[in-house]
Colleague: 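Quick one: the structure is below, and I'll ask about it shortly.
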Amino acid sequence: MDYRRTYIRDLFDLPPGNPATAYGWVKTRRDSKGVSFVQIADGSCFKDLQVVIEAGTIPEETLKRITTGASVRFDGDIVESPGEGQETEFKAHSVEVYGEADPAHYPLQKKGASFEFLREIAHLRARGNTFGAVFRVRSRCAYAIHKFFIDRGFHNIHTPIITASDCEGAGAMFAVTTLLDAQGHGPEAKAALRAMEFSEDFFGKPAYLTVSGQLDAETLALGMTNVYTFGPTFRAENSGTSRHLAEFWMIEPEMAFCSLEGNMNLAEEFLKEVIQDLLDNCSADLEFFNQRIEPDLLSTLHHVVNSGFERMTYTEAVDRLAKSGEPFEFPVFWGSDLQSEHERWLTEIDVGRPVILTDYPKDIKAFYMRQNEDGKTVRAMDVLAPRIGEIIGGSQREERYDVLEKRIVEMGLPLEAYWWYLDLRRFGSVPHSGFGLGFERMLMYVTGMKNIRDVIPFHRTPGSAEF
RNA sequence: UGCCGCAUAGCUCAGUCGGUAGAGCAGCUGACUGUUAAUCAGCGGGUCGUAGGUUCGAGUCCUACUGCGGCAGCCA
């Protein structure tokens, strides 16, 4: 057995008469008097292979072991299919059953199960139509993202996952420590841990899992011009929503000599090109999502690819919201952060496609965003998408040493922790921009899946770290 | 973390006014010369999330807890 072989995806391209071998897991078996049909899948494509077993070809005892969930290899020939639903099918001469799956206990059935139930058996759900499709699209999407950046001269950089700087400012952080090991895991260890000095810990100071690679990415951009990271990110927020994970994957490009306009152009090109790649290379999977998950998916994706994103300032958005006449639960006024209901109205009702909002009030945005001349707003941008809300958040960074230093102090942040970040502004500073894109949010958008836990193989959320 | 909802067979659900439990699918047995979520007949399958309470009697009403989901906040 070698990994180099013909996958089920390739068997559909073989002409009738071709001898072939098929490996996979059984989806379902249908028996008739003189013939049995077995659908098998190997994850290589959306379609199942129909294997036909004529009575007497294989022993009755062996046939009985070919049940839903079993892993098998069939040897036989590709033949023309007299039935409807497929051009060719696989006529089996012999079979090997590698692993049986007791039908009385195998939890997946032919009929669909709820996503909530499938989350509890996440180790088996990749065998079903939906999650096979999700994870194929996830794989292709990651590839398309790397391709997009590499094609444009970006360098893929790897920023640290463990960080000792408590200054990324993007949310609650997970601590990383070896003190627990030193103290054992008993109840007395907790008390001892509290008394410990972090100077005795592994890194000699408090360390955390990263909440963003941006600050490190900026350092590489100011030397390599265009860079991006694509890696795991951790937020310890106690969020229980359909669009938050404690562990997720984030794409963060950072560009030197680039203004907010260039940043917006990149974000728009990015979404369009990656979606086009998926339309070209995952059509069967997307067709399935369009049929069974989100009826307007394909028309929405084509629309995104073919039309410009609406761009407007925060100030204009607030104006439009105020004049909308909608009975919002939360009032809209200049200086307030936009609520989900406001973002939804803008993207879904007012504009009907992705919207890029820019120039937010500085007090609701991070310290590193470049201040505008009006003294009130910063060069921030949020890309809002219908159905899922904020998909991209980015900004032009503050490149002026004095302004940045003043802002750090104003916001009560520890100046000394930012020595290297400020150094970038002392030596060869340059206007630069970047954004962060949640990979799983993007996947929700392109698959139509409604819960972020269903676009990652094994989700980490508050109270949940199974598998 | 707040608000709302849900928890009954392996899965998806029904269960009326409080009177000791039902369907479809899956499973098992059999039938059927080519099925496509195959079809047909029969069979087995339940501590009604947990713990209390009200009541002659609780799947049903009340309280708490746990789990899950939705919305909001935090954000990507």
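All heavy atoms count here, side chains included; hydrogens, waters and symmetry mates do not. In what follows, chains carry the letters A, B, and so on, assigned in the order in which the sequence lines appear, proteins first and then strands, with residues in each chain numbered from 1.
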Colleague: Taking A:Asp42 for its side chain and A:Tyr7 for its backbone only, find out whether a donor-acceptor pair lies under 3.5 Å.
Modeller: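 It does not hold such a pair.
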Colleague: Sequence neighbours left out, what passes salt bridge (Lys or Arg N to Asp or Glu O under 4.0 Å) with A:Glu96? Give chain and number order.
Modeller: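 Partners of A:Glu96 under the salt bridge (Lys or Arg N to Asp or Glu O under 4.0 Å) test: A:Arg73.
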Colleague: Got a sec, which residues hit salt bridge (Lys or Arg N to Asp or Glu O under 4.0 Å) with A:Glu89, two or more places apart in sequence or on another chain?
Modeller: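 Testing A:Glu89 for salt bridge (Lys or Arg N to Asp or Glu O under 4.0 Å), a comparison that skips the adjacent residues, returns none.
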Colleague: N/O contacts under 3.5 Å, protein versus nucleotides 31-35 of chain B?
Modeller:
| residue | atom | partner | partner atom | Å |
| --- | --- | --- | --- | --- |
| B:C32 | OP2 | A:Lys33 | NZ | 3.0 |
| B:G34 | OP1 | A:Ser32 | OG | 2.1 |
| B:G34 | N1 | A:Glu89 | OE2 | 2.7 |
| B:G34 | N2 | A:Glu89 | OE1 | 2.5 |
| B:G34 | N2 | A:Glu89 | OE2 | 2.8 |
| B:U35 | O2' | A:Arg30 | NE | 3.0 |
| B:U35 | O2 | A:Arg30 | NE | 2.8 |
| B:U35 | O2 | A:Arg30 | NH2 | 2.7 |
| B:U35 | O2 | A:Gln50 | OE1 | 3.4 |
| B:U35 | N3 | A:Gln50 | OE1 | 2.9 |
| B:U35 | N3 | A:Gln50 | NE2 | 3.0 |
| B:U35 | O4 | A:Gln50 | NE2 | 2.6 |
| B:U35 | O4 | A:Gln86 | NE2 | 3.3 |

Colleague: Between C1' on B:G69 and NZ on A:Lys450, what's the gap in Å once rounded to a whole number?
Modeller: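 Rounded to whole Å, this separation is 15 Å.
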Colleague: Just checking, any donor-acceptor pair under 3.5 angstrom between side chains of A:Asp75 and A:Thr21?
Modeller: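 Side chains of A:Asp75 and A:Thr21: pair found under 3.5 Å.
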Colleague: Taking A:Met449's backbone N and O only, do any of them form a donor-acceptor pair with A:Thr447's side chain (distance below 3.5 Å, no angle check)?
Modeller: yes
Colleague: Expressed in whole Å, how much space separates the C1' atoms belonging to B:C62 and B:A23?
Modeller: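 Those two atoms are separated by 31 Å.
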Colleague: For B:A72 versus B:C56, give the span between their P atoms, rounded off to a whole number of Å.
Modeller: 47 Å
Colleague: Quick one about A:Arg397 and A:Ser395 (side-chain donor to acceptor, distance below 3.5 Å, no hydrogens or angles considered), yes or no?
Modeller: yes
Colleague: Which residues pass the ring pair (Phe, Tyr, Trp, His ring centres under 6.0 Å) test with A:Tyr314, not counting sequence neighbours?
Modeller: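 Only A:Trp334, A:Tyr360 meet the ring pair (Phe, Tyr, Trp, His ring centres under 6.0 Å) criterion with A:Tyr314.
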Colleague: Under 4.0 Å, heavy atoms only, any strand: does A:Gly240 hit a base, just the sugar-phosphate, or nothing?
Modeller: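 Base contact - A:Gly240 has a heavy atom under 4.0 Å of at least one base atom.
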Colleague: Quick one: which protein N/O atoms are closer than 3.5 Å to N/O atoms of nucleotides 4-13 of chain B? Pair and distance per line, please.
Modeller:
| residue | atom | partner | partner atom | Å |
| --- | --- | --- | --- | --- |
| B:G10 | N2 | A:Gln109 | OE1 | 2.8 |
| B:U12 | OP1 | A:Ser114 | OG | 2.5 |

Colleague: Distance check, P atoms only: B:A58 and B:U39, in whole angstrom units.
Modeller: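 So the two P atoms sit 41 Å from each other.
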Colleague: Expressed as a whole number of angstroms, how long is the span from A:Glu237:CD to B:G2:C1'?
Modeller: 15 Å
Colleague: Would you tell me if any nitrogen or oxygen in the side chain of A:Ser239 comes within less than 4.0 Å of OP1 or OP2 on B:G73?
Modeller: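 Negative; the distance criterion is not met.
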Colleague: Taking N or O atoms only and anything under 3.5 Å, show me the protein contacts with nucleotides 42-47 of chain B, one pair per line.
Modeller:
none

Colleague: At a heavy-atom distance below 4.0 Å, what parts of residues 331-355 of chain A sit against RNA chain B?
Modeller: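 Close to the strand are A:Gln339, A:Ser340, A:Arg344.
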Colleague: Within the 4.0 Å heavy-atom criterion, would you say A:Arg29 contacts the bases, only the backbone, or no part of the nucleic acid?
Modeller: nothing
Colleague: First locate atom OH of A:Tyr445, then atom CG of A:Leu297, and finally report the distance between them rounded to the nearest 0.5 Å.
Modeller: 9.0 Å
Colleague: Check the phosphate of B:G70 against A:Asn451, side-chain N and O only, distance under 4.0 Å to OP1 or OP2. Yes or no?
Modeller: yes
Colleague: With no hydrogens and no angle check, just 3.5 Å: does a side-chain donor-acceptor pair link A:Tyr421 and A:Glu218?
Modeller: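 Yes - a donor-acceptor pair under 3.5 Å links their side chains.
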Colleague: Can you tell me the distance, in whole Å, between the NZ atom of A:Lys47 and the C1' atom of B:U36?
Modeller: 12 Å
Colleague: Reading 5' to 3' and counting Watson-Crick or G-U wobble pairs with both distances under 3.5 Å, write the dot-bracket notation for RNA chain B, | for bases paired outside the strand.
Modeller: (((((((..((((.....[..)))).(((((.......))))).....(((((..]....))))))))))))....
Colleague: Salt bridge between A:Glu410 and A:Arg407, side-chain N to carboxylate O under 4.0 Å?
Modeller: yes
Colleague: When you compare B:A14 with B:G59, how far apart are their C1' atoms, in angstrom units rounded to a whole number?
Modeller: 12 Å
Colleague: Give the ring-plane orientation class for A:Phe154 versus A:Tyr228, where under 30° counts as parallel, over 60° as perpendicular and anything between as tilted.
Modeller: perpendicular
Colleague: Would you classify A:Ile392 as touching base, sugar-phosphate or nothing, given that sugar-phosphate means primed atoms plus P, OP1 and OP2, and contacts are heavy atoms under 4.0 Å?
Modeller: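 Sugar-phosphate only.
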Colleague: Under the ring-ring contact (aromatic ring centres under 6.0 Å, His included) rule, what pairs show up with a residue in residues 19-76 of chain A, not counting sequence neighbours?
Modeller: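 Those involving residues 19-76 of chain A are A:Phe46-A:Phe288.
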Colleague: Under a 4.0 Å threshold between the charged nitrogen and the carboxylate oxygen, would A:Glu466 count as salt-bridged to A:Arg119?
Modeller: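 The answer is no: the pair does not qualify as a salt bridge.
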Colleague: Expressed in whole Å, how much space separates the P atoms belonging to B:A21 and B:U60?
Modeller: 14 Å
Colleague: Hey, can you pull the residues of residues 241-248 of chain A with a non-hydrogen atom under 4.0 angstrom from RNA chain B?
Modeller: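 Residues of residues 241-248 of chain A that come under 4.0 Å of RNA chain B are, in numerical order, A:Thr241, A:Ser242, A:Arg243, A:His244, A:Leu245, A:Phe248.
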Colleague: Considering only NZ, NE, NH1 and NH2 on the basic side and carboxylate oxygens on the acidic side, decide whether A:Asp454 and A:Arg125 come within less than 4.0 Å.
Modeller: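 Looking at A:Asp454 and A:Arg125, the cut-off is met.
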Colleague: Go through the structure and list residues passing salt bridge (Lys or Arg N to Asp or Glu O under 4.0 Å) with A:Glu268, not counting sequence neighbours.
Modeller: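 Expected list: A:Lys272, A:Arg311.
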Colleague: When the P atoms of B:G15 and B:C61 are considered, how many whole Å apart are they?
Modeller: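 Those two atoms are separated by 12 Å.
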Colleague: Would A:Arg152 count as a cation-pi partner of A:Phe148, with NZ or CZ less than 6.0 Å from the six-membered ring centre and within 45° of the ring normal?
Modeller: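 Pair A:Arg152/A:Phe148 counts as cation-pi.
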Colleague: Do the charged groups of A:Asp77 and A:Lys91 touch, with an N to O distance under 4.0 Å?
Modeller: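 Here A:Asp77 does not pair with A:Lys91 in a salt bridge, since their nearest N and O are not under 4.0 Å apart.
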Colleague: If the condition is salt bridge (Lys or Arg N to Asp or Glu O under 4.0 Å), which residues does A:Arg9 pass it with, not counting sequence neighbours?
Modeller: none
Colleague: Using a strict cut-off of less than 4.0 Å between a Lys/Arg side-chain nitrogen and an Asp/Glu carboxylate oxygen, indicate whether A:Glu261 and A:Arg379 qualify as a salt bridge.
Modeller: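 Looking at A:Arg379 together with A:Glu261, the answer is yes, because their closest N to O distance falls below 4.0 Å.
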